[in-house]
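A short worksheet on the structure shown next.
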Amino acid sequence: MPRRHIRVTGAPEAPLRAALTALRTELGVPESYPPEALTEAERSAKTPTLPSYDATDIPLFTIDPPASTDLDQAMHLSRQGGGYRVRYAIADVAAFVVPGAALDAETHRRVTTLYFPDERIPLHPALLSEGAASLLPGQVRPAALWTIDLDADARTLTVDVRRALVRSRARLDYAAVQKQIDDKTAEEPLALLKEIGEARERLEVERGGISLNVPEQEVIERDHTYELSYRAALPADGWNAQISLLTGMAAADLMLSAGTGVLRTLPAAPDGAVGRLRRTAHALHIDWPHHVSYAQLIRSLDPHRPHHAAFLQECTTLLRGAGYTVFRDGALPPITTHAAVAAPYAHCTAPLRRLADRYAAEICLAAAAGAPPPDWVLAALDALPHQMAEGSRRAGAIERECVDIVEAALLAGRVGEVFDGCVVEVAEGRPGVGTVQLESPAVIGRIEGDHLPLGERLRVRLTQADPASAKVRFAPA
């Protein structure tokens with residue numbers, strides 16, 4: 001599921017970039033790998049554990065942002081009888097990481113790739129994540145190859161996953177894919193992305209699921225000031241995400257049938273969180289009638305409109321209760337579903353960037369083969385939810401700090417100005433402290449004042465905007 005995407009452009013010495021560099025230092029973000037872990041990575045890059053099954057004849061392709069080189073997934077789509085066949089290759093990280101060795105220990109310490117607006121801190125060394133393990137075009141790579149057959153409505157019929165050697169034929173980006181499909185110049189394997197993606201979106205609506213197409217927030221530095229813009233996701237982004245969701249749902253079903261697994265679960269959002277979101281909608285002049293459900297509202301929004309884009313960014317707050325749930329020996333957990341997916345779901349499609357995906361892949365490979373999971377997987381399973389939770393907390397803290405820094409930079413130099421806003425939250429037991437959402441620019445900040453009017457519009461004065469301390473403060477005007 002999505003996170004907030006914030007990208008910063010500008011000179012490295014600009015104040016915002018300097019604040020982000022200082023944040024990495026303050027949080028102790030690991031930027032280098034232990035020498036022994038790098039030695040293992042160099043060795044395994046040259047001599048990975050390769051499978052015997054050769055599927056390099058399948059003309060796979062990848063779809064990622066233009067600059068991406070850590071390519072986790074490649075796909076091929078075809079017609080099968082009256083339905084479809086989805087082949088989805090996932091990078092086989094276990095072919096490069098030895099359980100219990102130094103690189104394995106370092107990935108358990110890092111847990112996830114960390115995203116900053118100006119750079120990313122990878123889970124695996126670049127010579128693996130952007131090289132030997134990445135599904136780069138023209139390169140033979142080990143992968144977990146999923147074959148999912150769908151009926152005419154794109155409902156799942158059969159699922160298989162096995163280790164295979166694969167070779168991607170092309171590295172595509174979303175804009176190029178969208179253009180080919182719109183121009184009707186795409187060959188069938190790519191043209192089917194729209195057909196299958198839209199069918200899966202209809203099934204998502206049917207089961208009550210929600211896909212948040214969160215726009216990318218871009219902060220541009222010009223002449224020592226900053227401007228905020230949003231890049232809305234293309235339809236092709238959503239169709240591509242549906243193939244990943246399909247595979248994650250297939251993985252969850254496979255693990256539930258086998259009785260052992262690790263799921264990505266999310267309970268229904270508490271009323272308080274939804275109430276806060278309603279106040280944010282009010283602040284941004286988004287009409288949300290009480291008879292309209294959250295899912296209906298999301299589908300009605302246009303991410304090309306800045307206020308709608310800002311609201312979609314805030315919708316990610318409803319995903320903060322997501323976690324990892326493990327089970328074994330047929331003892332299923334009380335919650336097996338993800339509220340946003342509206343079905344059982346597992347993270348398994350991004351092992352280069354997420355630790356849990358490597359374990360989900362191993363369990364699914366074993367289940368499809370009718371074998372028990374490897375001992376090293378079972379030994380690590382119980383500790384995995386806590387490790388992933390810690391990693392997610394760290395990533396969440398980084399995201400919040402980055403948002404604060406970016407918003408402080410946007411407002412720096414405007415202290416004393418008055419803005420239109422709305423109080424979207426008041427601290428429990430502290431009626432004079434709350435959170436205000438501005439109309440323009442669409443940023444949020446802390447507000448302090450007597451008896452803040454929750455959910456009401458008001459004029460507020462900016463009292464502090466300091467990127468170095470990541471603080472934005474307002475007071476009623």
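- Using a distance-only test at 3.5 Å, with no hydrogens or angles considered, no donor-acceptor pair links the side chain of Asp253 to the main chain of Ala250.
- Looking at Ile148 and Tyr88, their side chains never come closer than 4.5 Å, going by heavy atoms from C-beta outward.
- Using a 4.0 Å cut-off between charged nitrogen and carboxylate oxygen, Lys471 and Asp404 do not count as a salt-bridge pair.
- Taking the charged nitrogens against the carboxylate oxygens, Asp104 and Arg109 have no contact shorter than 4.0 Å, which rules out a salt bridge.
- Every residue was checked against the side chain to side chain donor-acceptor pair (under 3.5 Å) condition with Arg202, not counting sequence neighbours, and none meets it.
- A donor-acceptor contact closer than 3.5 angstrom links the side chains of Glu195 and Tyr84.
- Using a cut-off of 4.0 Å between Lys/Arg side-chain N and Asp/Glu carboxylate O, Asp70 and Arg120 are scored as salt-bridged.
- In this structure, Leu411 and Phe474 approach most closely via the heavy-atom pair CD1-CZ, 3.9 Å.
- In this structure Tyr359 satisfies the side chain to side chain donor-acceptor pair (under 3.5 Å) test together with His108, sequence neighbours excluded.
- Put simply, OG1 on Thr69 and CG on Leu135 are 12.0 Å apart, with the number rounded to the nearest 0.5 Å.
- The heavy-atom pair separating Val326 from Pro385 by the smallest distance is CG1-CG, 3.5 Å.
- Here the side chains of Pro34 and Glu106 are in contact, with some heavy-atom distance below 4.5 Å.
- Taking the side chain as every heavy atom from C-beta outward, Leu114 and Val29 approach each other to under 4.5 Å.
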Original post:
Should Leu193 and Val177 be marked as a side chain to side chain contact (heavy atoms under 4.5 Å, CB included) after you check the CA-CA gap, both sets of side-chain angles, and the distance that decides it?
Top reply: CA-CA 9 Å; Leu193 180 66; Val177 167; 4.0 Å; yes

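- Of the inter-residue distances, the one linking Ile210 atom CD1 with Arg299 atom CZ reads 6.5 Å to the nearest 0.5 angstrom.
- Between the CG atom of Asp149 and the CZ atom of Arg87 there is a distance of 8.5 Å, given to the nearest 0.5 Å.
- In this structure, the side chain of Arg278 engages the main chain of Trp288 through a donor-acceptor pair within 3.5 Å.
- Here the shortest heavy-atom pairing between Cys315 and Ile298 reads SG-CD1, 3.5 Å.
- A side-chain donor-acceptor contact under 3.5 Å links Arg110 and Tyr33.
- Remark: Arg24 qualifies as a cation-pi partner of Phe116 under the 6.0 Å distance and 45° angle criteria applied to the six-membered ring.
- A donor-acceptor pair under 3.5 Å links the side-chain atoms of Gln178 to the main chain of Ala236, judged by distance alone.
- Between the side chains of Ser244 and Gln73, no donor-acceptor pair of N or O atoms lies under 3.5 Å.
- Under 4.0 Å is where a charged nitrogen must lie from a carboxylate oxygen, and between Arg457 and Asp420 no such pair does.
- Between the CD1 atom in Ile447 and the OG1 atom in Thr463 there is a gap of 9.0 Å [rounded to 0.5 Å].
- Across all non-hydrogen atoms, the minimal contact from Met388 to Tyr324 is CB-CD1, 3.4 Å.
- With hydrogens and angles disregarded, a donor-acceptor distance shorter than 3.5 Å links the side chain of Thr247 to the backbone of Ile243.
- Between Glu362 and Arg358 there is no salt bridge, since no side-chain N of the basic residue sits under 4.0 Å from a carboxylate O of the acidic one.
- Distance check, rounded to the nearest 0.5 Å: CG of Leu365 to CZ of Arg163 gives 5.0 Å.
- Remark: Arg414 is not positioned above the aromatic ring of Phe419, lacking an NZ or CZ atom under 6.0 angstrom from the ring centre and at most 45 degrees off the axis.
- Asn240 and Tyr174 share a donor-acceptor pair across their side chains, judged by distance under 3.5 Å alone.
- Note that the CG atom of Leu23 and the CD1 atom of Ile398 stand 7.0 Å from one another [nearest 0.5 Å].
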**OP:** Test Val86 against Trp146 for side chain to side chain contact (heavy atoms under 4.5 Å, CB included), laying out the working first.
**Re:** CA-CA 8 Å; Val86 174; Trp146 291 80; over 6 Å; no

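- Look at Glu198 and Arg200 and you find no salt bridge, because none of the NZ, NE, NH1 or NH2 atoms lies under 4.0 Å from a carboxylate O.
- Side-chain atoms of Trp239 and Glu201, non-hydrogen and from C-beta on, do get closer than 4.5 Å to each other.
- Taking all atoms of both residues into account, the shortest heavy-atom contact from Cys348 to Ile90 is O-CG2, 3.5 Å.
- A donor-acceptor contact under 3.5 angstrom links the side chains of Thr265 and Thr325, judged on distance only.
- Classification of Arg155 and Glu206 as a salt-bridged pair holds, one side-chain N sitting under 4.0 Å from a carboxylate O.
- Enclosure of atom NE2 in His386 is not indicated, since only 12 or fewer non-hydrogen atoms of other residues, nucleotides or ligands lie within 6.0 angstrom.
- The two residues Ala346 and Val262 make their nearest non-hydrogen contact at CB-O, 3.8 Å.
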